[in-house]
Amino acid sequence: DIELVFFIAPQCKYPSDELVSAVRTAAGDVELINYNDDFETLGLDIGKDFHDSLHLNCYGADKFSPLVAGTLEARQIHKRSYGKKELSMK
């Protein structure tokens, strides 16, 4: 079995309630992390880290990617074995 985790990536403008609700519905029982809920703690600069209102640029991706990796690591997803392969984030 593979454990899924859905996330909504940071955006310049908080996603609409309708969008978040639709994603939550689609996710069902799968964990959904909305990184926009704690945008201020992400350390992203809207003027420097975004290509446009929905997409991070390379600077934003350099900041955000370790946060996603840390989320997976905190849930120890990187240490679980799936079949004969062990996932590693290192």
Side-chain angles (χ1 to χ4, degrees):
D1 293 335
I2 296 174
E3 182 178 346
L4 295 177
V5 176
F6 288 122
F7 69 88
I8 300 174
Q11 302 173 18
C12 289
K13 181 180 174 188
Y14 192 87
S16 69
D17 291 339
E18 292 82 15
L19 173 67
V20 174
S21 177
V23 174
R24 286 192 193 286
T25 299
D29 292 336
V30 176
E31 181 179 10
L32 172 65
I33 301 166
N34 183 352
Y35 282 99
N36 295 282
D37 287 341
D38 295 316
F39 188 89
E40 293 78 27
T41 65
L42 299 178
L44 295 173
D45 182 313
I46 290 176
K48 296 179 181 177
D49 295 329
F50 283 84
H51 171 70
D52 57 31
S53 64
L54 297 176
H55 300 95
L56 295 168
N57 61 23
C58 60
Y59 304 109
D62 280 346
K63 292 178 180 179
F64 182 62
S65 294
L67 297 173
V68 173
T71 298
L72 297 176
E73 189 169 7
R75 288 159 176 76
Q76 297 195 0
I77 291 173
H78 70 294
K79 294 184 178 179
R80 296 186 186 146
S81 180
Y82 298 103
K84 295 184 179 182
K85 296 181 180 179
E86 184 172 317
L87 299 178
S88 176
M89 302 200 34
K90 297 178 183 186

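In terms of hydrophobic clustering, with Ile, Leu, Val, Met, Phe, Trp and Tyr side chains grouped at heavy-atom distances under 4.5 Å, Leu54 and Phe39 are assigned to different clusters.
Ring centroids of Phe50 and Tyr59 are separated by 6.0 Å or more, keeping the two rings apart.
Residues Phe7 and Val68 have side chains in contact (heavy-atom distance under 4.5 Å, counting atoms from C-beta outward).
Among all heavy-atom pairs drawn from Leu4 and Val30, the shortest one is O-CG1, 3.3 Å. When every heavy atom of Tyr35 is checked against every heavy atom of Leu42, the shortest pair comes out as O-CD1, 3.3 Å. Here the closest non-hydrogen pair linking Gln11 and Asn36 is N-OD1, 2.8 Å. For the pair Asp45 and Lys63, the tightest heavy-atom approach, listed with the atom from each and the gap, is N-NZ, 4.4 Å. When every heavy atom of Leu56 is checked against every heavy atom of Ala61, the shortest pair comes out as CB-N, 3.9 Å. The minimum heavy-atom distance between Asp52 and Cys12, with the atom names listed, is O-SG, 4.0 Å.
Separating the CG atom in Leu19 from the CD1 atom in Ile8 is a distance of 5.5 Å, to the nearest 0.5 Å.
Checked by atom type and distance alone, the side chain of Ser21 never pairs as donor or acceptor with a backbone atom of Asp17 at under 3.5 Å.
Of the listed residues (Val5, Asp38, Leu67), just one forms a side-chain contact (heavy atoms from CB on, under 4.5 Å) with Ile33, and that residue is Val5.
Considering only residues two or more places apart in sequence or on other chains, Asp29 meets the side chain to side chain contact (heavy atoms under 4.5 Å, CB included) condition with none of them.
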